[in-house]
K.L.:
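Let me begin by handing over the structure; questions about it come next.
Ligands are counted one by one from 1 in listed order, and the atoms in each one are counted from 1 as well. Computed over heavy atoms, backbone and side chain alike; hydrogens, waters and symmetry mates excluded.
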Amino acid sequence: MRLKKTPMFLKKCLSKKYLCVVLSIFFLFGCVGKNDQKTLNKYSAEYFDLFDTYSQFTALCASKEEFESLSERLHERLLTLNKEFDIYNEYEGMNNLKTVNDNAGIAPVKVSGDIMELVEFGKEAYTQTNGKINIALGNVLGIWHNYREDALNGVKTAVPTENELKEASKFCDIDSIIIDKSASTIYTDNCNTRIDVGAVAKGFAADKAKEFLENEGVGAALLNLGGNVIAINDENKPTWKIGIENPDLSQNYIDTFDTANSTVVTSGNYQRFYECDGRRYHHIIDPDTLYPADNNIAVTVKGSSSAVSDMLSTAIFILPRKEGEELARKYGYAVLWIEKNGAVVKTKDF
Ligand code: ADP
Ligand code: MG
């Protein structure tokens, strides 16, 4: 298994603000037999090379060997998804979203089923959230990304000008992304438009991980993919206890709950940000202002699909509470807000 467990590495991740453990997890009821009398034990693994964040996988297995083989195959599946959805790096023998972006205004690009499905979901997210989630916003998000990297790497600390952002926003039309299902291609018809799937990719990947684990016949498992959590329990018992981390990163949890089968996703302003002149500039951008959204500190969404929870947590983070509530109600998903003033509010079903 390719697992890096060095505390130094973790420290490096933390200092770069790459670590994004939004939810902390505890195992609640141990050693549950599945359909037989075999005793199952709890095993855990950590992954440091997925989606630019920290991930943790826990499952009940009959032996350490069985778990390690499972974890290795899960890790491989997630690494493939990571490469496919990467907009910064290219990989030999594969067309990924960087290939699609590099061919904007030039040619349609043949892509895998995973990419087709995710981009289709991303386009649908635009409609569902009234444009608050826009996977064609890459041009604007790229500017914020570069300013953040420069600030965190000590190159320069500045804020993009309104003009710069407005110019970039001219090339963020969702209809520029053209999906041809029969040819399995994606084409961006404007050479300046860039796709960024950051708002939905981890949730989508977590659903794919769940599918993988269920196909493997895993009875009880928990995956935290950088704050996108999926819980599996085939006996539908509340096997897992989930704690919602305090944005001040203290040991006190904002809330805890037990779950059997659900997905939980948090979007917050306290993991990926930089500061300039005493103000925090984080990574979730309101497409209407082109600046970081400032209604909330964090939003956690709980529901059956992780891709939907991921889409909703980002959109509801951007929206004022009433509008966020309406959106969540449409899907029947539960929400917990930590509002700008620190107030914790949740829907009745959370
Ligand atoms: P995280 O990736 O930290 O878990 P989110 O799921 O909320 O958090 O997604 C944030 C990412 O989504 C950003 O890093 C950026 O790539 C992208 N993004 C930010 N704002 C928007 C937006 N309004 N529409 C689409 N994508 C966005
Ligand atoms: Mg999201």
K.L.:
With a cut-off of 4.0 Å, which atoms of ligand 1 are near a heavy atom of Asp310?
P.N.:
6 (O)

K.L.:
Angle class for the Phe317/His282 ring planes (parallel below 30°, perpendicular above 60°, tilted otherwise)?
P.N.:
perpendicular

K.L.:
For the residue pair Tyr281 and Phe273, is the inter-centroid distance of their aromatic rings smaller than 6.0 Å?
P.N.:
no

K.L.:
Closer than 4.0 angstrom: is that true for some heavy atom of Pro287 and an atom of ligand 1?
P.N.:
yes

K.L.:
State whether the number of non-hydrogen atoms from other residues, nucleotides or ligands found under 6.0 Å of Glu275 atom CD is greater than 12.
P.N.:
yes

K.L.:
Short list, please: which atoms of ligand 1 are under 4.0 Å from a heavy atom of Ser267?
P.N.:
5 (P), 6 (O), 7 (O)

K.L.:
Looking only at side chains, do Ser309 and Thr263 share a donor and an acceptor under 3.5 Å apart?
P.N.:
yes

K.L.:
Would one find more than 12 heavy atoms of other residues, nucleotides or ligands at under 6.0 Å from atom NZ of Lys181?
P.N.:
no

K.L.:
Are any N, O or S atoms from Val200 nearer to the Mg ion (ligand 2) than 2.8 Å?
P.N.:
no

K.L.:
Do any nitrogen or oxygen atoms of Ile133 lie less than 3.5 angstrom from nitrogen or oxygen atoms of ligand 1?
P.N.:
no

K.L.:
Which N/O/S atom belongs to Asp310 and is the closest one to the Mg ion (ligand 2)?
P.N.:
OD1

K.L.:
Return a yes/no value for Asp286: is any of its N or O atoms, backbone included, closer than 3.5 angstrom to an N or O of ligand 1?
P.N.:
no

K.L.:
So, 4.0 Å and heavy atoms of Lys202: is ligand 1 close enough to count as a contact?
P.N.:
yes

K.L.:
Within the stated cut-off of 2.8 Å, is an N/O/S atom of Ser313 closer than that to the Mg ion (ligand 2)?
P.N.:
no

K.L.:
Without hydrogens or angle criteria, can the side chains of Ser304 and Tyr333 be said to hold a donor-acceptor pair below 3.5 Å?
P.N.:
yes

K.L.:
For ligand 1, is there an N or O atom under 3.5 Å from any N or O atom of Ile285?
P.N.:
yes

K.L.:
Just distances here: any N/O of Asp196 and N/O of ligand 1 closer than 3.5 Å?
P.N.:
yes

K.L.:
Report yes or no: is the cationic atom of Lys302 (NZ for Lys, CZ for Arg) under 6.0 Å from the centre of the six-membered ring of Phe350, at an angle within 45° of the ring normal?
P.N.:
yes

K.L.:
If I apply the N/O under 3.5 Å rule, does His283 come out as touching ligand 1?
P.N.:
yes

K.L.:
May I ask whether Ile318 places a heavy atom under 4.0 Å from ligand 1?
P.N.:
yes

K.L.:
For the residue pair Lys83 and Tyr91, would you count it as a cation-pi contact if the rule is NZ or CZ under 6.0 angstrom from the ring centre and within 45 degrees of the ring axis?
P.N.:
yes

K.L.:
Does the side chain of Asp114 pick up a donor-acceptor pair with the side chain of Ser112 at under 3.5 Å?
P.N.:
no

